[in-house]
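Below is one structure, written out as structure tokens, with a few remarks after it.
Below, read A as the first sequence line, B as the second, and so on, with proteins coming before strands; counting in each chain starts at 1.
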There are 2 protein chains.
Amino acid sequence: MTISDVAKLAGVSKAAVSKVIRNDYGVSEAMRDRVKRAIDELGYRPQAAARALRGRSFTIGVLMQHIGIPFYAEIMSGLVEQLEESDYQAIMIQGGTRAKTEERAIDALMDRQVDGILMIAPLAGRTQLERVAREIPTLVLGRHDRSPAYDSIVDDDRTGSELVMEHLIALGHRRIGHITFHEDHGQPADHKPHLRAETYERVMRDHGFADEIAVVATSYSEEGGYRGAHELLSRSPRPTAIFAGSDESALGVLTALHEAGLSVPDDVSVAGYDNTRLAAHPNIALTTVNQDGAVMGRTAGRLLLERVEGRAAAVHFSVTPSLVVRRSTAPPGPGA
Amino acid sequence: MTISDVAKLAGVSKAAVSKVIRNDYGVSEAMRDRVKRAIDELGYRPQAAARALRGRSFTIGVLMQHIGIPFYAEIMSGLVEQLEESDYQAIMIQGGTRAKTEERAIDALMDRQVDGILMIAPLAGRTQLERVAREIPTLVLGRHDRSPAYDSIVDDDRTGSELVMEHLIALGHRRIGHITFHEDHGQPADHKPHLRAETYERVMRDHGFADEIAVVATSYSEEGGYRGAHELLSRSPRPTAIFAGSDESALGVLTALHEAGLSVPDDVSVAGYDNTRLAAHPNIALTTVNQDGAVMGRTAGRLLLERVEGRAAAVHFSVTPSLVVRRSTAPPGPGA
DNA sequence: ATGAAAGCGCTAACAA
DNA sequence: TTGTTAGCGCTTTCAT
């Protein structure tokens, strides 16, 4: 089943069929109709490989360390939604957690002649990324180091953290603790999620609460939040609110509070970051920051298609997060 | 950068280079060396599209409804591990939750000439799957309906459920409740996770506890477990153990027990199914059934490569699960 | 507006 | 063992 079969059935040339498929100009209405009918009748679908050999593969490659991360699923749903209206298809590939395996995955995408690459939080250094970007339209998501060679999308952690802090302060909190992570925790240096901790401190200072600043550096995992909360609660007086740097760690905070016999939000308010699925669960009801992965994914799709269409200048996009207030935050209780 | 460049640099023919790349026979040591040196010097990599046009694309396509499901990530890591030693690469594509979008995703894989397809819990009916399998080596994972047209891998829910039940009974439990899901909960009819409920009932009968059978049908979600537990606890006398059909629902059970002021495992033992990441968390420590997605993934890779190499007869694989005992199960307490 | 023909990068059949 | 050559299915000039 090839383009020749369609041409034969429609009684036209292969070139004509090709034009119809690609919505190229220079085909009469009658021609278009006949060809389309033939295509439908045969159930013909062009082979991507043959098309790729002459130009486009109509494929967008997405690189991620692993599937299984809920936030990535959101990004993908946005991307797929955006690409749905085009002729492009997204394929995903796992890069793993080592530079070596990631490189292999990137090569695999290039071998397959993808028309664009979306790299979600890649490990590769800027030089490497630029090498890829020279060959293929590239968009890097979640890295705060820009390059004129590729587009980028970042979440605006500064704004997100401000939203949390202003919310807590407006509720009347002053003694607000924060849980961040150690430098050497497997995150590339330029991921800079430290922006959250930085912003926490700045907002505290701006409001004249410099003396109340209490930061614990563990990790963004549930267990890190658990340990961090333990340390914060051991201080006297204990904080009336805890801003955990991620939802995962906020879950650990909730566990620690529960074990300590403290209730949320009456004794301590808790806020997270990321708006993961569990945060929305009625039994958790965590106030958090929504990064809107779907918007990021849609934007990524749009920017990549623009690149494929010829845009050369780099675009850097910052997605503004929003605050999702749930039951885990409230004014400080009388006991605090 | 093509095969011609390599041939020119090495001073040999394209065919010779091609043979070296494919480890074909009929090349002298000297020839192989010269060609390999040229390949390295140029950093040449063959284009998958061109290869696909003449035969193989060296690509295995994986279809899944969504990424973001931890169990799928495990399957993928097994698959990737298996394919690592071969020249094949796995690419993933999302089929979504509607038959329409899934079909489009399958078509996309076929358009891209993948050499094999792994379908994880597809929505498509058997007829459709067989249509695909006629064109491309196909393996269906997680569906209990077999076909001579494609290979399949299923988890052995019967054995897994028996492991849970025998464990609870060995601990001394008699009043064991079970939470399953409603038929019409979005699962294809032939997914048959009802095997878990069926096995629960059978084991209860086999041990002479037919009178104690207590099944609630809600859903396999956290919220379903929560509601299910509420209903089971309202019975008198209440069960001393609850076997939830999934870890997700077991989490809901834990919440319900906690709210009811009952402790786990002193008042009630709880067991789940799937061994998700949260089940392993020290704060949860849920006894559950490990399906070993990695083994499934590795097996899938092996079977697909066999098919690609020419095997025609269908193979059906059942992966035996294992019990993971954690702190959520213990002998019934004195109060029970 | 339509079609003929060249060629994308590779593999495979055949010759040498 | 090595090289020549004819395509794979499509797109893209370039004639007509």
Side-chain angles (χ1 to χ4, degrees), chain A residues 1-36 38-39 42-59 87-89 107-108 110-115 135-136 308, chain B residues 1-36 38-39 42-59 87-88 107-108 110-115 135-136 308 310:
Chain A
M1 167 67 52
T2 76
I3 202 171
S4 299
D5 299 319
V6 177
K8 202 172 297 170
L9 179 62
V12 301
S13 71
K14 290 193 302 174
V17 177
S18 177
K19 283 190 172 180
V20 170
I21 291 170
R22 291 173 295 111
N23 285 314
D24 209 357
Y25 77 108
V27 263
S28 65
E29 269 310 310
M31 166 78 80
R32 188 176 306 280
D33 274 4
R34 284 171 62 190
V35 170
K36 287 209 160 167
I39 287 176
L42 294 173
Y44 165 78
R45 295 184 60 93
Q47 288 198 26
R51 306 182 85 175
L53 213 54
R54 291 296 280 167
R56 304 177 174 186
S57 65
F58 294 94
T59 308
D87 288 328
Y88 288 80
Q89 256 291 337
D107 281 341
M110 297 182 76
D111 295 346
R112 279 156 189 77
Q113 303 273 99
V114 295
D115 300 321
E135 308 250 347
I136 300 180
V308 171
Chain B
M1 167 65 53
T2 76
I3 201 171
S4 299
D5 299 317
V6 177
K8 202 172 296 171
L9 178 63
V12 300
S13 71
K14 291 192 303 174
V17 177
S18 177
K19 282 189 173 183
V20 171
I21 293 171
R22 291 174 295 112
N23 286 314
D24 210 357
Y25 76 108
V27 261
S28 66
E29 270 309 309
M31 165 76 81
R32 190 178 304 280
D33 275 4
R34 284 170 62 191
V35 170
K36 286 209 164 170
I39 288 177
L42 294 173
Y44 165 78
R45 295 184 59 93
Q47 290 199 24
R51 306 181 87 175
L53 213 53
R54 288 301 271 157
R56 302 178 177 186
S57 64
F58 293 94
T59 308
D87 289 327
Y88 289 80
D107 280 341
M110 298 183 77
D111 295 346
R112 279 155 191 79
Q113 302 274 100
V114 295
D115 299 322
E135 309 249 348
I136 300 180
V308 170

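- The footprint of chain B on DNA chain D, defined by a heavy-atom cutoff below 4.0 Å, extends from D/dT1 to D/dG9.
- Both A/S4 and B/G26 lie near DNA chain D, and the one whose nearest nucleotide falls closer to the 5' end is B/G26.
- The shortest heavy-atom contact between A/A52 and A/S57 is CB-CB, 3.8 Å.
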For residues 26-36 of chain B, please give each side-chain donor-acceptor pair under 3.5 Å, one per line with the distance, not counting sequence neighbours.
unit_1	atom_1	unit_2	atom_2	d
B/S28	OG	B/M31	N	3.2
B/R34	NE	B/A10	O	3.4
B/R34	NH2	B/A10	O	2.5

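- Within 4.0 Å (heavy atoms only), A/A15 reaches at least one base atom of the nucleic acid.
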Yes or no on salt bridge (charged side-chain N to carboxylate O under 4.0 Å, His left out) for B/R56 and B/D115, after CA distance, side-chain angles and deciding distance?
CA-CA 6 Å; B/R56 302 178 177 186; B/D115 299 322; 5.9 Å; no

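- Across all strands shown, A/G55 has no heavy atoms under 4.0 Å from either base or sugar-phosphate atoms.
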Could you give me the CA-CA distance, side-chain angles and deciding distance for A/Q89 and A/F58, then say whether side chain to side chain contact (heavy atoms under 4.5 Å, CB included) is met?
CA-CA 6 Å; A/Q89 256 291 337; A/F58 294 94; over 6 Å; no

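- Pairs of residues two or more places apart, or lying in two chains, that qualify as side chain to side chain donor-acceptor pair (under 3.5 Å) and include a residue from residues 7-21 of chain B are B/S18-B/R22.
- Contact annotation for A/S18: base contact, defined as any heavy-atom pair under 4.0 Å involving a base atom.
- Taking OH from B/Y44 and OG1 from B/T2, the interatomic distance works out to 7.0 Å, rounded to the nearest 0.5 Å.
- The side-chain heavy atoms of A/R45 and B/M110, taken from C-beta on, include no pair separated by under 4.5 Å.
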The test is side-chain hydrogen bond (donor to acceptor under 3.5 Å, both in side chains); show your working for A/T59 and B/R112 and say whether it passes.
CA-CA 9 Å; A/T59 308; B/R112 279 155 191 79; 2.8 Å; yes

Quick test: give all pairs of protein nitrogen or oxygen and nucleotides 14-16 of chain C nitrogen or oxygen below 3.5 Å, distance rounded to 0.1 Å.
none

I'd like a list of close polar pairs between nucleotides 6-9 of chain C and the protein, N/O only, cut-off under 3.5 Å.
unit_1	atom_1	unit_2	atom_2	d
C/dG7	N2	A/R54	NE	2.8
C/dC8	O4'	A/R54	NH1	3.2
C/dG9	N2	B/A50	O	3.4

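- Within the helix from C/dA1-D/dT16 to C/dA16-D/dT1, the inter-axis angle between the opening and closing five-pair segments is 40°, rounded to 10°.
- Distance CG/A/D107 to CG/A/D111: 6.0 Å, rounded to 0.5 Å.
- For the pair A/R22 CZ and C/dT2 C1', the computed distance is 14 Å after rounding to whole Å.
- Here the straight-line distance linking atom CD1 of B/I39 with atom CD1 of B/I21 works out to 5.0 Å at 0.5 Å rounding.
- One interatomic measurement links the two molecules: CG of A/D24 to P of C/dG3, which rounds to 15 Å at whole-angstrom precision.
- For the pair A/D33 CG and C/dT2 C1', the interatomic distance rounds to 16 Å; values are reported in whole Å.
- Note that the CD atom of B/Q113 and the CG atom of B/L53 stand 7.5 Å from one another [nearest 0.5 Å].
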